[in-house]
Amino acid sequence: MEAFRALRAFAFSDAKVGLFGVSRGAEHALLVTSLMVRDGESGLPDAVAALAPPDVICGAFDARTWKGASDCLLPTTPIAIEDYDGPFFLAHGKKDKVWSSHMTERLTARLRSAGRAPEVHLYEDQGHVPDSAGENVFNADLIGFFERTLCQ
């Protein structure tokens, strides 16, 4: 959260700032956003994007770093991102052998049940991270999302 706020305050940042992560970084992007919403923190991301995200906490971080408490941040706890009302971009390779694309499908269902409209891309022939050709498609999708949500 402090790093995100520092980026927002950076003189060369625009008025809007998005948060993006891949794999563990996707977990952290979703988790920090959900915790900021839960705790009423200011300076939320203006848009959130995630490639190969989990839908639950996987626990590869020191949960005590969030305000010294970790009881609510145990592995397998669903990431409560549906309370964030900003724009979402979720992407996942259907051939991911690290984290199943079903995690993104479950996140999508939860977001839609909460009245959110995430932009979702499931890439049929891609794994955990895109190959060279898939990277071009993914980057076009991601850049398009950030252009629509941050540059308006």
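None of the values given here were measured: they were computed from a predicted structure.
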Here the gap from Ile143 atom CD1 to Leu150 atom CG, rounded to the nearest 0.5 Å, amounts to 12.0 Å
Is there a path of hydrophobic side-chain contacts, each under 4.5 Å between heavy atoms, that joins Leu44 and Phe146?
no
When every non-hydrogen atom of Ala49 is compared with those of Phe145, the smallest separation belongs to CB-CE2, 4.2 Å
Rounded to the nearest 0.5 angstrom, the NE2-NZ distance for His102 and Lys94 is 6.5 Å
To the nearest 0.5 Å, atom CG of Asp141 lies from atom CG of Asn136 at 11.0 Å
**Asked** Are Leu51 and Val120 linked, directly or through other ILVMFWY residues, by side chains that come within less than 4.5 angstrom of each other?
**Response** no
Check: Quick one: are Glu82 and Phe88 in side-chain contact, heavy atoms under 4.5 Å?
Finding: no
### Message
Please tell me whether Leu30 and Val98 are part of a single hydrophobic cluster in this structure, the criterion being side-chain heavy atoms less than 4.5 Å apart.
### Response
no
Review point. With a 4.5 Å limit on heavy-atom distance, are the side chains of Ser23 and His128 in contact?
Key: yes
Leu19, Leu35: one ILVMFWY side-chain cluster at the under-4.5 Å cut-off? yes
Next on the checklist: Check whether Arg112 reaches the backbone of Thr108 with its side chain - one donor and one acceptor, N or O, closer than 3.5 Å.
Outcome noted: no
Handout entry: Side chain proximity check, Arg110 to Pro78, heavy atoms < 4.5 angstrom
Key = yes
When every non-hydrogen atom of Met103 is compared with those of Pro53, the smallest separation belongs to CB-O, 3.7 Å
Between Thr33 and Pro45, the two heavy atoms sitting closest are OG1-CG, 3.5 Å
Hydrophobic clustering (ILVMFWY, side-chain heavy atoms < 4.5 Å, transitive) - are Leu90 and Val32 grouped together?
yes
d(Ser101 OG, Gln126 CD) to nearest 0.5 Å is 12.0 Å
Here the pair of heavy atoms bringing Trp99 nearest to His92 is O-NE2, 2.9 Å
Nearest heavy-atom approach of Pro130 to Phe138 is CG-CB, 4.1 Å
**Prompt:** Step by step, would you call Arg116 with Asp85 a salt bridge (charged side-chain N to carboxylate O under 4.0 Å, His left out)?
**Reply:** CA-CA 7 Å; Arg116 309 289 180 242; Asp85 65 358; 5.5 Å; no
Heavy-atom nearest pair, His121 first then Phe89, reads CD2-CE1, 3.3 Å
Close side-chain approach of Thr149 and Asp46, heavy atoms under 4.5 Å: no
Worksheet entry | Test side-chain contact (heavy atoms from CB on, under 4.5 Å) applied to Glu27 and Ile79, step by step | CA-CA 8 Å; Glu27 174 188 6; Ile79 300 172; 4.1 Å; yes
